[in-house]
Amino acid sequence: MNALTRAESALVQASSEATITFSLNGREVVAAPGETLLAVARREGCDVPHLCYKDGLEPAGNCRACMVEIKGERVLAPSCCRYPAEGMNVETASDRARKAQAMVLELLQSDMPEADYTRNNELDRWSARLGIGKPRFAPREAVAPDLSHPAIAVNLDACIQCTRCVRACRDEQVNDVIGLAFRGDHAAIVFDMGDPMGASTCVACGECVQACPTGALMPARDAALSVPDKRVDSVCPYCGVGCQLTYNVKDNRIRYVEGRDGPANQKRLCVKGRYGFDYAQHPHRLTVPLIRREGVPKRGDAVMDPERALDVFREATWEEALALAGGKLAQIRDTHGKRALAGFGSAKGSNEEAYLFQKLVRTGFGSNNVDHCTRLCHASSVAALLEGIGSGAVSNPVMDVGKAEVVLVIGANPTVNHPVAATWIKNAVKNGTKLIVADPRRSDLARFAHRFLQFQADTDVAMLNAMMHVIVEEGLVDQGFIDSRTIGYEELKRNVAAYSPEAMAPICGIDAETLRYVARLFATSKGSMILWGMGVSQHVHGTDNARCLIALSLMTGQIGRPGTGLHPLRGQNNVQGASDAGLIPMMYPDYRRVDDPAAIERFESLWGTTLDRKPGLTVVEVMQAIERGEVRGMYIMGENPAMSDPDAGHAREALASLDHLVVQDIFLTETAYLADVVLPASAFPEKTGTFTNTDRIVQLGRQAIDPPGEARQDLWIIQQLAARLGLDWHYDSVADVFDEMRRAMPSIGGITWERLERDHAVTYPCREEGDAGEPVIFTDAFPTASGRARFVPADIIPAAEKPDSDYPVVLITGRQLEHWHTGSMTRRAGVLDAIEPDPVALVHPLDLAVLGGKPGDVVTLTSRRGEVSLYARADDGTPRGAVFVPFCYYEAAINKLTNSALDPFGKIPEFKYCAIRMTLGGEVAGQSSYGGGQILAAYR
């Protein structure tokens, strides 16, 4: 209880000016400005009970357990919200102070029920330290439990009304679900308007559970009652925010998860990070290698059924499976040429796995045909960033929103896709930052916006060029920045001259005056920051969209300083690291072009081989090459293109037609179902490695549990296949691989394995050992040949497929809060599947009414490529004439409908726009066979 918080440490280390000297328990101590009496007492090792106080929350001072005596004033004061004064004399353990503390604790103890969920709570621990026995007072009337929520059990008979849950929900997460209602002895914690928690707007982030000191709010499965065998510090396996967490493990099972004080989350988590861990113990885990049975054909339209896997595959030894997998790949290479093979790596794996995977493809297969999911998310953003500023990385961390005056969030839904990052944005708004949200869909973040721009889908360039027109026309550009640090401005200036707000308003759907106001606001603030997501990148004009955002920052000088810059929010936990490590077809590690003679020479020397000089094929191009007979064999690790690729039916047919497909994964995914050999791999909590988050922070994830059965570490499997392809590799540990990466990648050259083990996280660039790292980059120059950034003009390019009379509706795809990517992990997590078990389409209520339907009815969506049926959910945030569908549901695989048309620069498919028809009726393709909800029921 004496550990210092990050905020307290910062206060202590603050400049010595205006420090306060006072007496604490007879000793002279010094307080930093803004330090409370409780903070000083904790720092000095003095035990002061406290219950309503919690690190990171604003002090409330309402429990009165932390009372201290202030001599001379003859008063008792709550130390959590009282500040020292020069010469003050404070006693934390005087007779008077201890009696006050003990009385409060005894009164609170009298209300505690004798129940499992109150075991080992903070009130008990403080009572024991002060020697308080059984309370003398009668307990209050019992309160019935609320067990309506799949994730959180509510037992308000253990509530002491400390309001830590209220402040966690209201001030930290800014979800505004929990409140304190009524007055006096009727006061009570409520959810929304007194609803059961399961019927409230709770998003199950679990911050209230982590804040509760008594067990009034607990994990629904009583998992936290288990005394763990060990606690393992690691990072979250889901989105790119990179939250640090602690696994609590008992009997080789993760029982519960707690947030840790990491640089990106400071103990905060979302529903996936806190409750999405039990997929690792799901009965569908692959535990032995599998080989397709002779005579069982591969069909792209086959219906996956993990329960009947042994009808399709037979179990094999590792030696047999590896011999077949590696031998057949080598045979295809030697018979049909090096470019007849391709590999898809994973953004869910570690940096070391990504590095070895791309090295295997380049040195073992002999070509650059290697890619991963960045091609399906931010490839166009990276293309524009490399072209414009010479780096594909973010310029500033997410937390810089707190230093910005204006934040523009465009084409992103952080409350769903990056929930903890969204909390920092909401915190910034509460502290005065002006938020501009621009998106065709109204997200939850829009309610915090200073201005919400709900522009017409597919009109990003029109809207952004109109804003730049205003900035140029009204002389709001930063001419000094443009002259000293950029090239190409005059060409951009000429281009945007034709894009007046008055001309663009009918196109983008935002009135001219609003466009002018937002442009002025962005240009004239002391710090403006842009964050964007796949709503910007997943278009045939995605690179142009990003070019406009880059130009907007450059022309206003809003880059290279804290509280400014460009931040494409990374979707998967290691998509940044996997890209850095070279898991892309046209770049070696650290974004060195594969056709650059100097880069070729460097990596041929490092790897001791001759490398292909031609850029490889991207994800969608590989599928097209399979159809042409050019690619005949593939090795896929941890990716699921049968669900994630556009026009998924075509992708599945392509995968099924391969001569040989090797899939390495933890479940029999839709892709693995089409494989010839399936290799059982390690889940995230079963491995040690480094992962790079959206802020460029390299973090260490540690192994918490053992893989099941004969499943093996991914690094071991990659090396075994490398050996069978004729490669002579020698890595004794993950640290050995990381050390080679340091030599290959100057950006992380100064990060040692020992430093990561000690510090857990280091921001790159970090070129020399001992460097602190650079959270904000491009401060003086850009990493281009000239040191200058480049303006690239963009004109309006329409979507590849527009609505018409046959297909009049626009389909938008994406993710939902509880499920991630293709659902292979989250739909096998009991809590997450229980909250969102069924495939849904979000439809505007008026569009649903026009169909004659109501929420919960089945609708069928049809495009020129296929059809799916799923349940309609009314959503007035979805614009009229559009439908939004998450792509995580196998039984309604929405990517069967999406268009595989590519952005010509980033080679990214147009997931965010295609034409469909919506009709009422149809049949959802059966209950999910994943069984997450059934697993949850077994826990109860």
Side-chain angles (χ1 to χ4, degrees), residues 375-381 383 411 439-441 454-463 506-509 533-546 618-624 627 641-654 794-815 841-844 847 851 859-870 878-887 892-919:
R375 193 63 43 208
L376 307 178
C377 55
H378 268 304
S380 52
S381 302
D439 202 286
R441 297 178 62 229
Q454 190 167 14
F455 62 93
Q456 298 287 340
D458 192 42
T459 64
D460 313 60
V461 169
M463 181 183 69
I507 296 173
C508 67
M534 285 168 269
V536 165
S537 62
Q538 289 179 334
H539 292 275
V540 292
H541 48 79
T543 303
D544 282 336
N545 293 346
T618 63
V619 167
V620 176
E621 289 174 332
V622 165
M623 298 301 172
Q624 296 165 346
E627 194 173 41
M643 280 285 285
S644 62
D645 271 26
D647 192 3
H650 177 266
R652 292 177 185 187
E653 291 294 340
D795 286 309
I796 295 174
I797 298 173
E801 182 179 81
K802 303 287 279 188
D804 56 24
S805 57
D806 293 325
Y807 299 95
V809 178
V810 172
L811 173 65
I812 305 170
T813 67
R815 295 178 178 142
L842 276 61
V843 186
H844 194 283
D847 285 350
L851 282 179
V859 292
T860 295
L861 308 180
T862 307
S863 77
R864 291 176 173 85
R865 292 158 291 280
E867 72 173 36
V868 300
S869 297
L870 62 177
T878 300
R880 297 290 308 273
V883 175
F884 176 84
V885 181
F887 65 93
I894 198 62
N895 276 327
K896 290 180 180 178
L897 278 58
T898 50
N899 193 355
S900 60
L902 299 180
D903 176 296
F905 304 97
K907 304 294 180 69
I908 190 171
E910 189 157 49
F911 286 113
K912 287 293 186 281
Y913 200 103
C914 76
I916 63 167
R917 178 171 61 247
M918 178 169 61
T919 55

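Position 1 is the first residue of the sequence; numbering continues from there.
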Task: Student check: side-chain heavy atoms of Phe905 and Ser380 closer than 4.5 Å - done: no
TODO: Taking all non-hydrogen atoms of both residues into account, name the closest pair between Ala882 and Ile812 and its distance.
DONE: CB-CD1, 4.3 Å
TODO: Please confirm whether the backbone N or O of Pro440 pairs with a side-chain atom of Gln454, one donor and one acceptor, at under 3.5 Å?
DONE: yes
Task: Spacing of Ile908 atom CD1 and His378 atom NE2 [to the nearest 0.5 Å] - done: 8.0 Å
Open item on the list: Can you pull out every salt bridge (charged side-chain N to carboxylate O under 4.0 Å, His left out) where at least one residue sits in residues 895-907? Sequence neighbours excluded, please.
Closed with: Glu621-Lys907
Open item on the list: Within this structure, what is the OG1-CZ distance for the pair Thr878 and Arg441, rounded to the nearest 0.5 Å?
Closed with: 4.5 Å
Task: Passing option when His541 is tested against Asp795, Asp460, Asp458 for side-chain hydrogen bond (donor to acceptor under 3.5 Å, both in side chains) - done: Asp458
TODO: For the pair Asp804 (side chain) and Tyr807 (backbone), establish whether a donor and an acceptor sit closer than 3.5 Å, ignoring hydrogens and angles.
DONE: yes
Task: Whether Asn545 side chain and Val536 backbone form a donor-acceptor pair below 3.5 Å - done: yes
- [ ] Please name the pair of heavy atoms, one in Val810 and one in Pro803, separated by the smallest distance, quoted to 0.1 Å.
- [x] CG2-CG, 3.5 Å
Open item on the list: Please give me the minimum heavy-atom distance between Ser900 and Val620, naming the atom from each residue.
Closed with: O-CG1, 4.2 Å
Open item on the list: So does Cys377 get a backbone contact from the side chain of Ser537, meaning a donor-acceptor N/O pair under 3.5 Å?
Closed with: yes
Task: Main-chain N/O of Phe887 paired to Thr813 side chain as donor or acceptor, under 3.5 Å - done: no
Open item on the list: Using a 3.5 Å distance criterion without hydrogens, assess whether the side chain of Gln538 forms a donor-acceptor pair with backbone atoms of Leu376.
Closed with: yes
Open item on the list: Donor-acceptor check, side chain of Glu801 to backbone of Cys914, threshold 3.5 angstrom: yes or no?
Closed with: no
Task: Spatial distance of atom CG (Asp645) from atom CE (Met623) [nearest 0.5 Å] - done: 4.5 Å
- [ ] Heavy atoms only: give me the nearest Ala841-Leu861 pair and the separation to one decimal.
- [x] CB-CD1, 4.5 Å
- [ ] Heavy atoms only: give me the nearest Pro808-Arg917 pair and the separation to one decimal.
- [x] CD-CA, 4.2 Å
Task: Whether Arg865 side chain and Leu897 backbone form a donor-acceptor pair below 3.5 Å - done: yes
Open item on the list: On a heavy-atom basis, which atom in Pro879 and which in Asp847 lie closest, and how many Å separate them?
Closed with: O-OD2, 4.2 Å
Open item on the list: Can you confirm whether Ile894 sits close enough to Leu811 that some side-chain heavy atom of one is under 4.5 Å from a side-chain heavy atom of the other?
Closed with: yes
Open item on the list: List the residues meeting side-chain contact (heavy atoms from CB on, under 4.5 Å) with Gln456, not counting sequence neighbours, and say none if there are none.
Closed with: Thr459
- [ ] Dump the intermediate steps for side chain to side chain contact (heavy atoms under 4.5 Å, CB included) on Asn899 and Tyr913, then the final yes or no.
- [x] CA-CA 8 Å; Asn899 193 355; Tyr913 200 103; over 6 Å; no
- [ ] Keeping the roles fixed (side chain from Arg864, backbone from Ile916), state whether a donor-acceptor pair exists under 3.5 Å.
- [x] no
Task: Nearest-0.5 Å distance, CZ of residue Arg815 to CZ of residue Phe884 - done: 10.0 Å
Open item on the list: Looking at Arg652 and Ala642, would you say the former's side chain and the latter's main chain have a donor-acceptor pair under 3.5 Å?
Closed with: yes
